[in-house]
Structure formats: structure tokens, C-alpha cells
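Notes follow once the structure below has been shown.
Every value quoted in this text rests on a predicted model; they were computed, and no experiment measured them. Convention: sequence-line order gives letters A, B, ...; per-chain numbering from 1.
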Amino acid sequence: MAQDDLFKKLIAHAKEYGYIFPSSEIYDGLSAVYDYGQYGSELKNNIKQYWWDSMVKMNENIVGIDAAIFMHPETWKASGHLAAFNDPLIDNKDSKKRYRADELIEDYISKYQQKIDKEVTKGRKKFGDDFDEKQFLETNPNVRRNQKKIDEINGRLLKALENDDLNEIKQIILDYEIADPVSGSKNWTDVRQFNLMFETRLGSLAEGANKIYLRPETAQGIFVNYLNVQKTGRMKLPFGIAQIGKAFRNEIVARQFIFRMREFEQMEMQYFVKPGTEKEWFEHWKNLRIKWHEAMGLPKEKYRLHEHDKLAHYANAAYDIEFEFPFGFKELEGIHSRTDFDLSKHQEFSGKKIQYYDPESGESFVPYVVETSIGLDRTFLSILTAAYCEEEVPKENGDVDTRVVLKIPPALAPIKLSVLPLVKKDGLPEKAREIMEKLKIDFMCQYDEKDSIGKRYRRQDAIGTPYCITIDHQTLEDNTVTIRDRDSMEQERIQINELARIVDEKVSMKKLLRMVF
RNA sequence: GCGGGAGUAGCUCAGUUGGUAGAGCAUUAGCCUUCCAAGCUAAGGGUCGCGGAUUCGAGUUCCGUCUCCCGCUCCA
């Protein structure tokens, strides 16, 4: 089956079986916003728990917090988001391409710079060892002409950016007849501002109310709480702060189902270390995070590591863990060595000293940070895509039947166990209810007596329930039930009083944690 | 924003030159059922995305509009 078709089927299946619904669907939906349904929210919670436990429970030097989505606006000046998330964009009407208007102008400027470089090369050849670059740049008429042009355009651009003057940016493009690098067309739309951060106002709508933002990443909530946690938790380096929470980005194009949403959830852990040891910890977390993914049991070949060659301004090393989605390998988790960029910036902007006193060396310093940041919704999607199977099952009459089954890792499955009386009479439903009552304290269980047993098995397959237990006539005689495995469809007969123990062994989250640690 | 595709029941879709909105599955109730979906009976569920135009009459024609999906530009 083509990957594209598979993806469409998966989306339809996710909706039909209560995993993911389009947001506000009765009002025609909202672009790139989705709601998690009755099973989706269970799966999501299980993923969160697996992550949280593997951070906070399994590492005594990692603690968790839950910071607010609203933060002081200065936060985003310090982090650089306010500047970096504001892009003036322009469309070419002929080529239909969209560009960042400032980059378009900068590209144009770089052509003049290239001319200057060429002159310098020529000059160097001509004068040999006597070549004085500084003097050459000041006196050569060609260089001076080009440099003047650069200064002129650059000056206008910087001023326009500073004043948020979009009309001026457009005017620069028109004045210098800057053309679309692809088509050569000069047929441009107006310049529009895209702010990737959602804005709102704190307090009333009254004038003078402060503009605040929905956080575009959760990490800053950790950085601004660094001192609080370090002091109140008596934390010593190295230590980590973990957080799960929503973040918001007003993406120009948000698509591919829940892969890129405007509202999404991140699971982040910032690990604070002594400067100089960050590379070592970076390796440590990279390896541990890979093990975390592998323990879930999704196919290993679906994962791949990608090293950033172009590093963000704050990082000195960065890896992505990528997953092969139906639309290709895409980022699932980022492991970044963020140096002391964030804490230093907050120190600078807040005026509060963010230092760690190291009793061993007697020195104070700003700690370095190694970050692991994983998309919860993306992890959800990776599990769902890997789980979705259409199997051919031979029927008794020789026909072939298609079985749709979600092979979700049992520890993460929304419903662990369904309890099914073979028939709806002879006291079997009563016995099944009795068993159900005992088990529901241990597991998410579901009871079903409607329709034939085969049909009920298929319904459970479709939502990914790993085990079905069936109460039949023999149950009444010897207190045994059959337990059916979702993936192999094989059955085993076991004692009722063994049920909780046997199922727990199979579906417990402890199993995953033991594989990682 | 531009280009392409699509909006009819929970799902998959049919609906003729314009003439009373349909099927299968699903759902609910009842009957029947000794282990891998689709036995029997009945019921519920749709202002055909929305608005306008043409017409005696529009799911169907025309215009507008909204939404979703795919592609492109952006992405810490």
C-alpha cells in the first residue's frame, strides 16, 4: 500500500475509533488543531507517564515542575524569540513562492559583496606581497561604489526592520528591482508580518493592558525557575528539571495531521552541568534517550540520528532523533547542548544573579545546559503509525478476511484488557462482571457482551487492546478463562486468580523502565 | 497567500437530461448464538458545508463564500 493511502487510512481510523478528532468539528473544524478522544487521551497519558517516570522517578537528581503557559514578556526578549520569531514575508505572484523579505534583500546585498570580493582577489593578484587590503578597500573606485550601495541598502533595511515598517521593506524591493531568484519575476505582493508567537492581553481589554504571549516552548519555564528549584531542592550539579506542557506556535503552514500543530505538547528535560562537562553529558543523554525509544519496541530501522550541521545560536552540539513517518523521516526529539546561553541571558535581562557556587572548587559560574526536548504529539503519532496494521486472516470457508489491528506497545495501550462472556446467557455475563470488578482496580478494562465473540475480538484489535479474556462454560466449572493475545491471536487457558499477576507482567510500565535503566 | 483535490447519515459512498434524499457497514433494542467481524426483527439518525441566483421545482446548473486534505514558501 502506498504510504500516502496508509496515512489517510490511519487518520480515518484514528477518528473512527476515538483516538483523534478534528477540533470543533461541528463548526467545520479548525485548521491543524485536533482533539484527543477517549482512547487517544489514554495513550497520550501513558506516554507522558512513561517519560515522566523515566526522568523523575528513575533519576534521583531530576525533579519535575509545571510552569504556567503565560510568562513575563521579558522572558521572550531574553530568549531571543521576540526577535527571531518575527518574520516579514513576501510572495511572488508569478512563481507563487514565498520568501522572507529581509533575506531576499540580504541576498541581493550579498551580490555586491561578491563584486567587492572579486575586486580584492584581482587586487591581490596585481600587487602581490605589497597588497594592502585596508587601503585597497578605501581607495579602489569599484569597491567604493559597491560598498556605498551596500551601506545604502543595508541602512534602509535595518531602519525599516527596527521600525517594523513593512511598506518600506516592500519599497526597497521595488526600488532596487529585486527579482524572484527562481522565476526572475518582480511581481510582488505586499510584505506581511508573521509572528510565530500568539499574542494576548493580560487582565482586561482596557488600554495599556500588557501584551503577553503564549509560550512557544516550555524550556523557558524551566530556566526562569532554575534558582527556585536549585535552592529549595538543594540540588547539586549535575541535576535536571523536567516538564511536560503545552506550547504554541502560529506556524504559517501547520499540517500533516498531528505532526505540526499550532498547539502542541512538549516533554522537556534541561540538565544543568559544570561548564566543560557538557559534551560528556550530551553523549550520555543522547544514548539514554535512544534506549528510551527502543524500549517501546517499535521497529529499530524507523529511527535515525541526525546531527545538525547548522547550529542554532545557543547550541554547541545538536542531534535530532528522527522517526520515519509515512511522509518521511522527521524530527521526533532534539538533544541540544545549549551552553550557558539561556541562563546568562536571563541573568542579563532580569538583573538577578544566576550562579552556581561549587563548594569543591570554590568557584561560582553559570551552569551549562544539555536539553532533551521531545514532541508528545509526535511520539503519539510515531506509535500510532508503527502500530497500524492491516492483516490478512484466512477464514474457515477459504476466503481471506482483513483484520485491522493497532499493535500499540502493551504498556502504553489505552485499554489493557477486555472482559468478554462467550455468550449472553447461562450466567456467563454475571461471572464476567464479577471478574471485571476485581480487575478494574489494576487495569483499564472494558466489558463487552454485544455481538459474536469474533466481532468483539476485532473491535478490541481496532483500538489496540493487547489482551482479551473470555468467560465460557468451562469457567463456571473450574474457574479458568482464556486469554487471547492481540498480535498472535493465540489463546491460553489460565486460572482466574492468576489473571492479575499474568496480565500485569505483560502490560506493566515497569517492563519498559527496566529495559532503559 | 497561491495552485490542485474534496465537502450528501458515525464511516465508505450512490444519487440519471433538474422532479418526494438512498445503500452497505456502524449505532440502539429484542431474538438466536459452544471462540475470531458482517444470522433474524425493528428503531433512531441527513435543513445534501453555508449564502444567493435561475426555475413551477436545485443534492444536481450558475455565482459567491467557508472548511478540510495535498503541494510550495517558513520552522529553535
task = On the 0 to 90° scale, with breaks at 30° and 60°, tag the A:H13-A:Y388 ring pair as parallel, tilted or perpendicular.
result = perpendicular
query = Checking all strands, does A:Y34 fall into the base, sugar-phosphate, or nothing category for heavy-atom contacts under 4.0 angstrom?
reply = sugar-phosphate
inquiry  = Counting distance alone, no hydrogens or angles: does the base of B:C36 have a donor or acceptor under 3.5 Å from a partner atom on the side chain of A:R403?
reply    = no
query = Under a 3.5 Å cut-off for both distances, is B:U67 Watson-Crick or wobble paired, and to whom?
reply = B:A6
task = Would you mind classifying the nucleic acid contact of A:T482 as base, sugar-phosphate or nothing, using non-hydrogen atoms under 4.0 angstrom?
result = base
message = For B:C36, does the base pair up with any side-chain atom of A:R484 as donor and acceptor (N or O, under 3.5 Å, distance only)?
response = yes
request  = Pick base, sugar-phosphate or nothing for A:I453, based on heavy-atom distances below 4.0 Å to the nucleic acid.
outcome  = sugar-phosphate
query = Hey, what's the ring geometry for A:F325 with A:F323, parallel, tilted or perpendicular (30° and 60° as the breaks)?
reply = perpendicular
request  = Indicate, with a heavy-atom threshold strictly under 4.0 Å, whether A:D472 touches base, sugar-phosphate, or nothing.
outcome  = base
query = Is the shortest side-chain N/O distance from A:K455 to OP1 or OP2 of B:C36 below 4.0 Å?
reply = no
Nucleotides 5-12 of chain B: which of its N/O atoms have a protein N/O under 3.5 Å away?
{"unit_1": "B:C11", "atom_1": "OP1", "unit_2": "A:K15", "atom_2": "NZ", "d": "2.5"}

message = Taking only the C1' atom of each, what is the distance from B:C62 to B:A76 in whole angstrom?
response = 50 Å
ask   = On a whole-Å scale, what distance lies between the C1' atoms belonging to B:U41 and B:U20?
value = 27 Å
ask   = P atom, B:C48 versus B:G7: distance in rounded Å?
value = 15 Å
request  = Give the rounded distance in Å between these two atoms: CD of A:Q266 and P of B:C75.
outcome  = 17 Å
query = Does a nitrogen or oxygen in the side chain of A:Y457 sit under 4.0 Å from OP1 or OP2 of B:A38?
reply = no
inquiry  = Using Watson-Crick or G-U wobble geometry with both distances under 3.5 Å, which nucleotide pairs with B:G18?
reply    = none
ask   = Hey, does the side chain of A:R458 come within less than 4.0 Å of B:C35's phosphate (OP1/OP2), counting only N and O?
value = no
inquiry  = Closest-nucleotide mapping onto RNA chain B: is A:I471 or A:K450 further toward the 5' terminus? I mean the 5' end.
reply    = A:K450
query = According to the Watson-Crick and G-U wobble definitions, with both distances under 3.5 Å, which nucleotide is paired to B:U33?
reply = none
Side-chain heavy atoms of A:L332 within contact of A:S382, under 4.5 Å = yes
key: B:A6 to B:U12 separation - C1' atoms, rounded to the nearest Å   = 15 Å
query = Using the C1' atom in both, what is the distance from B:C13 to B:A21, to the nearest Å?
reply = 14 Å
note = When A:F264, A:F380, A:Y19 are each screened for ring pair (Phe, Tyr, Trp, His ring centres under 6.0 Å) with A:Y36, the one that passes is A:F380
ask   = Whom does B:G24 pair with, Watson-Crick or G-U wobble, provided both distances fall under 3.5 Å?
value = B:C11
inquiry  = Rounding to an integer number of angstrom, what distance separates B:G30 and B:G5 when you compare their C1' atoms?
reply    = 45 Å
